[in-house]
Amino acid sequence: MICDDTVYSLLNLNMKRLILIAVTALLMIPLAGAQTAQKINKSNLVVKEWNTDPKSGKKVLDHVTTFSPEGRKIDEVEYSSTAQKWHKRYEWGANGKIARELLYDERNRLVNYKTFEYNEFGRKKLQNTYDAKGKLISIKTFEYITEDE
């Protein structure tokens with residue numbers, strides 16, 4: 001016959017094992033914040049954004065972003081409730097950065113385009129904007145200031 005102390009000891013040991021298993025399982029689950037930090041594979045990805053009317057439930061396409069096989073953004077289209085608003089195309093340079101950004105209107109006519117230069121840290125240094133005929137219309141320079149300066 002098993003006494004109460006032995007039963008209590010066995011239950012206590014089993015409870016400790018269950019707690020240890022539960023804690024181990026919880027530690028293996030990534031934190032919610034860590035999941036968002038994981039890099040998403042954008043290879044050939046198409047992201048569609050939809051607006052939904054809360055009253056009717058009707059969905060309207062708002063924005064589409066397309067990525068290349070290399071995972072680089074190559075195309076964006078913004079829509080109104082009835083038609084295309086604008087379209088951007090991205091061209092990438094050998095340095096792995098955007099070299100040109102082309103903006104088209106609702107009829108896919110070129111409105112303007114931007115070219116970019118980057119500093120030694122890979123950050124934008126210069127942005128030139130040209131009209132559809134290639135005339136320079138603006139120059140933007142980027143300055144990066146840290147609190148140490």
Side-chain angles (χ1 to χ4, degrees), residues 10-149:
L10 288 172
L11 287 174
N12 197 18
L13 180 62
N14 285 336
M15 185 61 78
K16 287 178 182 176
R17 286 182 184 159
L18 285 173
I19 290 171
L20 180 61
I21 291 168
V23 168
T24 304
L26 286 173
L27 290 174
M28 295 176 74
I29 298 171
L31 298 173
Q35 286 180 332
T36 57
Q38 293 176 352
K39 189 167 183 155
I40 296 171
N41 180 6
K42 295 180 182 176
S43 177
N44 294 315
L45 179 67
V46 175
V47 179
K48 292 184 176 183
E49 299 173 34
W50 298 85
N51 286 325
T52 304
D53 184 285
K55 292 180 183 174
S56 69
K58 181 181 175 188
K59 284 175 48 173
V60 177
L61 186 61
D62 177 64
H63 196 94
V64 177
T65 305
T66 305
F67 295 85
S68 71
E70 299 80 26
R72 297 175 173 166
K73 182 173 19 176
I74 55 172
D75 198 70
E76 280 187 281
V77 183
E78 181 81 20
Y79 296 95
S80 69
S81 60
T82 58
Q84 176 182 306
K85 287 183 188 178
W86 54 261
H87 174 207
K88 284 185 185 175
R89 197 176 87 225
Y90 300 90
E91 296 176 354
W92 292 77
N95 61 359
K97 303 284 184 186
I98 295 174
R100 287 194 339 157
E101 176 186 297
L102 298 98
L103 176 64
Y104 298 88
D105 67 12
E106 67 279 356
R107 293 186 181 153
N108 280 322
R109 294 177 299 200
L110 182 63
V111 174
N112 65 43
Y113 64 94
K114 299 174 183 176
T115 61
F116 303 95
E117 292 180 30
Y118 298 88
N119 66 19
E120 65 272 17
F121 304 110
R123 295 179 178 156
K124 286 181 187 174
K125 176 174 74 172
L126 185 68
Q127 172 186 303
N128 294 321
T129 303
Y130 301 87
D131 68 14
K133 294 181 180 179
K135 180 183 176 191
L136 181 64
I137 55 177
S138 72
I139 299 170
K140 182 188 285 188
T141 57
F142 296 82
E143 181 178 359
Y144 300 91
I145 302 169
T146 63
E147 292 181 20
D148 296 338
E149 294 179 6

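Computation of the quantities below employed the complete heavy-atom set of this structure, encompassing side-chain atoms and omitting hydrogens, waters and symmetry-equivalent molecules.
One finds the NZ atom of K42 at 13.0 Å from the CD1 atom of I74 (value rounded to the nearest 0.5 Å). Here the straight-line distance linking atom CG of N51 with atom NZ of K59 works out to 11.0 Å at 0.5 Å rounding. Annotation: the span from T66 atom OG1 to K48 atom NZ amounts to 9.0 Å, rounded to 0.5 Å. The OG atom of S80 sits 10.5 Å away from the CG atom of L61 when rounded to the nearest 0.5 Å. Between atom OG1 of residue T141 and atom CG of residue L126 there is a gap of 7.0 Å, rounded to the nearest 0.5 Å. To the nearest 0.5 Å, the span separating CD on E106 from NZ on K85 amounts to 11.5 Å.
Taking the ring axis of W86 as reference, the NZ or CZ atom of K88 stays within 45° of it and closer than 6.0 Å to the ring centre. At least one test fails for R123 against the ring of F142: distance under 6.0 Å to the centre or angle within 45° of the axis.
Using a cutoff of 4.0 Å between basic side-chain nitrogens and carboxylate oxygens, D105 and R109 are scored as salt-bridged.
When each of L110, V64, N108 is tested with H87 by the rule side-chain contact (heavy atoms from CB on, under 4.5 Å), just one qualifies, namely N108.
Nearest heavy atom pair, residue D131 against residue Y113, reads O-CE2, 3.6 Å. In this structure, K125 and N119 approach most closely via the heavy-atom pair CB-N, 3.8 Å. The shortest non-hydrogen separation linking S43 to P69 is OG-O, 2.8 Å. The minimum heavy-atom distance linking A99 with G93 is given by the pair CB-N, 3.8 Å.
A donor-acceptor pair under 3.5 Å is absent between the side-chain atoms of Y90 and the main chain of F67, judged by distance alone. A donor-acceptor pair under 3.5 Å is formed between the side chain of Y118 and the backbone N or O of I98.
Annotation: side chain of T129 is not in contact with side chain of K140 (no heavy-atom distance under 4.5 Å). Using a 4.5 Å cut-off on side-chain heavy atoms (C-beta onward), Y79 and E49 make no contact. In this structure the side chain of K135 never reaches within 4.5 angstrom of the side chain of Y130, judged on heavy atoms.
For CG of L136, the number of neighbouring non-hydrogen atoms (other residues, nucleotides, ligands) closer than 6.0 Å is greater than 12.
Pairs engaging residues 62-77 under the salt bridge (charged side-chain N to carboxylate O under 4.0 Å, His left out) rule: K73-E76 [sequence neighbours left out].
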